[in-house]
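Atoms within each ligand, like the ligands themselves, are counted from 1 in listed order. For this chain, numbers begin at 1 and follow the sequence in order.
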Amino acid sequence: YPPSPPAPMTYNGTKLVHDEAHPWKPLMAGDIRGPCPGLNTLASHGYLPRDGVVTPAQIITAAQEGEFWQPQKGISYDAALTATYAAMLVDGNLVTNLLSIGGKTKKTGPDPPKPAIVGGLNTHDVFEGDASMTRADAFFGDIPGFNHTLFDQMVDFSNRYGEGYYNLTVAAEYRYHLIQQSIATNPNFSFVFPRYFTGYGESVLALNLFVDGRDDTTVLGGRKLDMTTALSFFRDSRFPPDFHRVSSPTGSEGLREIMAAHPVRPGRNLDGKINNY
Ligand code: HEM
Ligand code: MG
C-alpha cells in the first residue's frame, strides 16, 4: 500500500517563508520544473526537493508549510490532497511513489506496465490542460514554459479591471477570456473534467496563495496581487523578498464567484475545428 498522506498541520499564523533556510537557487543541470508555479516555487526554495522529483507527502507538507494551502471553512475535503493524488494517479509512479513536477524522467524509477503513463505533470490532458494562465495550450507546443504573451494579457486584464492588480474581478474576466481565446484559436481545445475544475482553481489559487500574508484582505473583500509578485512566481519560481505565507488557511476561495460571473459548460472544440465548442 502507498504511505498515508500527512495529517493537516495546525495553523500557527502567517510567517516568513522566504527565510534563510529556504533561499531561492537557480536550476542545476537536470533539475525539473513544470507547468505549476506553486510547485516550481516550492522546489526552487527547497520546500520540495530541488530536482523536482517528489512524493505526494512532500507536496502536501510543502504546500502547507510554504504556502498554507488548506481547506477553507466549510469545505470538507482538502483540495491540496485531492489535487496531489489526482495528479499522482495519472502522472506519477505508483510503485516507487515518485512524481516529476515537469517532464518524464528516469528518476521516478522503472515504469510500471500500461496504462500507467508516468509522464510527470507536463503530460497533456490527464491533469494538465488547456487555457492556462501563463502557459500555452499543448496544440501550440511547450506546455510548461512561461509564455510572455499570455502574461502580458494578464497584465492587460489587471489594468482594465483591477487598476493594475489581479483581483477577483480580473480572475473572472481573464478566465473567461482564456476560454474564449482557446475556442477561437485551438482546434483541439478541450475543457472537460478534471481541467474544467483545475482551470477555475488555478485562477483563484494565484490570488489566494501568491499574496503576502501580512495583508489579510480576503479574496471576496478585495485581495489583490501585484504584477511584480505575479511575475516572480509565474516566471521565476521565486518568492518575492521577505515573502510571508497567507494569514489564514485557504486555497479555493472565490472559485464559485468566478464560475458564476461567466458560466461556461465543460466541452471541447469538435472535429478539430476552431469555434466549434
Ligand atoms: C497550475 C498554483 C499546488 C499541479 C497552476 C497554476 C497556478 C497554480 C496559479 C496556473 C499556472 C498557469 O496556468 O500559468 C498552485 C499553488 C499551489 C499549487 C499556489 C500550492 C502549493 C499544486 C499541486 C498540484 C499542482 C498540489 C498537483 C500535484 C498543477 C498543474 C498545473 C498547475 C499540473 C498545470 C495546469 C494547467 O495550467 O494546465 N498551479 N498550485 N499544483 N498546478 Fe498548481
Ligand atoms: Mg496548461
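Looking at Pro37, Gly199, Gly129 and measuring to atom 7 (C) of ligand 1, the nearest heavy atom belongs to Pro37.
Residue contact check: Glu128 has heavy atoms under 4.0 Å from atoms 38 (O) of ligand 1. Below 4.0 Å from some heavy atom of Thr84 lie the following atoms of ligand 1, by number and element: 26 (C), 28 (C). Within ligand 1, the atoms closer than 4.0 Å to a non-hydrogen atom of Leu209 are 19 (C), 20 (C), numbered from 1 in the order shown. Atoms of ligand 1 found under 4.0 Å from any heavy atom of Ile59 (numbered from 1 in listed order, with element): 26 (C), 28 (C). Each of the atoms 27 (C), 28 (C) of ligand 1 lies under 4.0 Å from some heavy atom of Ala87.
Considering all non-hydrogen atoms of both residues, Met133 and Leu178 come closest at CA-CD1, 3.8 Å. For the residue pair Glu67 and Leu209, the shortest heavy atom distance occurs at OE1-O, 2.8 Å.
Electrostatic pairing of Asp111 and Lys104 counts as a salt bridge here, judged by a charged N lying under 4.0 Å from a carboxylate O.
At most 12 non-hydrogen atoms from other residues, nucleotides or ligands lie less than 6.0 angstrom from OH of Tyr165.
At the top of the distance list for atom 9 (C) of ligand 1, counting protein heavy atoms only, stands Glu202 O, 3.6 Å. What sits closest to atom 15 (C) of ligand 1 on the protein, heavy atoms only, is Leu205 CD1, 3.4 Å. Nearest protein neighbour of atom 31 (C) of ligand 1, counting heavy atoms only, is Cys36 CB, 4.0 Å. Scanning the protein for heavy atoms near atom 36 (C) of ligand 1, the closest one is Ser132 OG, 3.2 Å. Trp69 CZ3, 3.2 Å is the protein heavy atom nearest to atom 3 (C) of ligand 1. In terms of protein heavy-atom proximity, atom 4 (C) of ligand 1 is closest to Phe127 CE2, 3.8 Å.
Here the rule is side-chain contact (heavy atoms from CB on, under 4.5 Å) with Pro49, and of Val54, Ile101, Leu42 only Val54 fits it.
Listed for the Asn93 side chain is a donor-acceptor partner under 3.5 Å among the backbone atoms of Thr108. Ser158 places a side-chain N or O within 3.5 Å of a backbone atom of Met154 that can act as its donor or acceptor partner.
Heavy atoms of Leu42 found under 4.0 angstrom from ligand 1 belong exclusively to the side chain. Contact annotation: for Pro35 versus ligand 1, heavy atoms closer than 4.0 Å belong to both the backbone and the side chain. By the criterion of a heavy-atom distance under 4.0 Å, both the backbone and the side chain of Thr134 are placed next to ligand 1. Contacts between Phe234 and ligand 1, counted as non-hydrogen atom pairs separated by less than 4.0 Å, involve the side chain only. Contacts with ligand 1 closer than 4.0 Å are made by no heavy atom of Ile143, backbone or side chain.
With no hydrogens or angles considered, a side-chain donor-acceptor pair links Asp137 and Ser182 at under 3.5 Å. No hydrogens or angles considered: a donor-acceptor pair under 3.5 Å links the side chains of His262 and Glu173. Checked by atom type, the side-chain pair Asp226/Thr229 shows a donor-acceptor distance below 3.5 Å. Using modelled atom types and a 3.5 Å distance limit, the side chains of Ser44 and Arg33 yield a donor-acceptor pair.
Close N/O approach between Met133 and ligand 1 is found [any backbone or side-chain N/O within under 3.5 Å]. Between Arg195 and ligand 1, at least one pair of N/O atoms sits closer than 3.5 Å. At a 3.5 angstrom cut-off on N or O pairs, Asp130 does not count as close to ligand 1.
Looking at heavy atoms from C-beta onward, Phe189 lies out of side-chain contact with Phe139 at the 4.5 angstrom threshold.
Note on the Mg ion (ligand 2): protein N, O or S atoms under 2.8 Å away count 3, no waters included.
Residues in residues 201-212 take part in these side-chain hydrogen bond (donor to acceptor under 3.5 Å, both in side chains) pairs, two or more places apart or across chains: Arg175-Glu202, Arg175-Ser203, Arg195-Glu202, Asn208-Thr250, Asp212-Arg214.
The aromatic ring centres of His18 and Phe243 sit 6.0 Å or more apart. Ring pair Phe146/Phe151: centre-to-centre distance below 6.0 Å. Note: Phe234 and Phe210 meet the aromatic proximity criterion, with ring centroids under 6.0 Å apart.
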Item to complete: Could you go through the side-chain contact (heavy atoms from CB on, under 4.5 Å) check for Ile117 and Val126 one step at a time?
Response: CA-CA 10 Å; Ile117 306 172; Val126 289; 3.9 Å; yes
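At least one heavy atom of Phe210 sits closer than 4.0 Å to an atom of ligand 1. The shortest heavy-atom distance from Leu39 to ligand 1 is under 4.0 Å.
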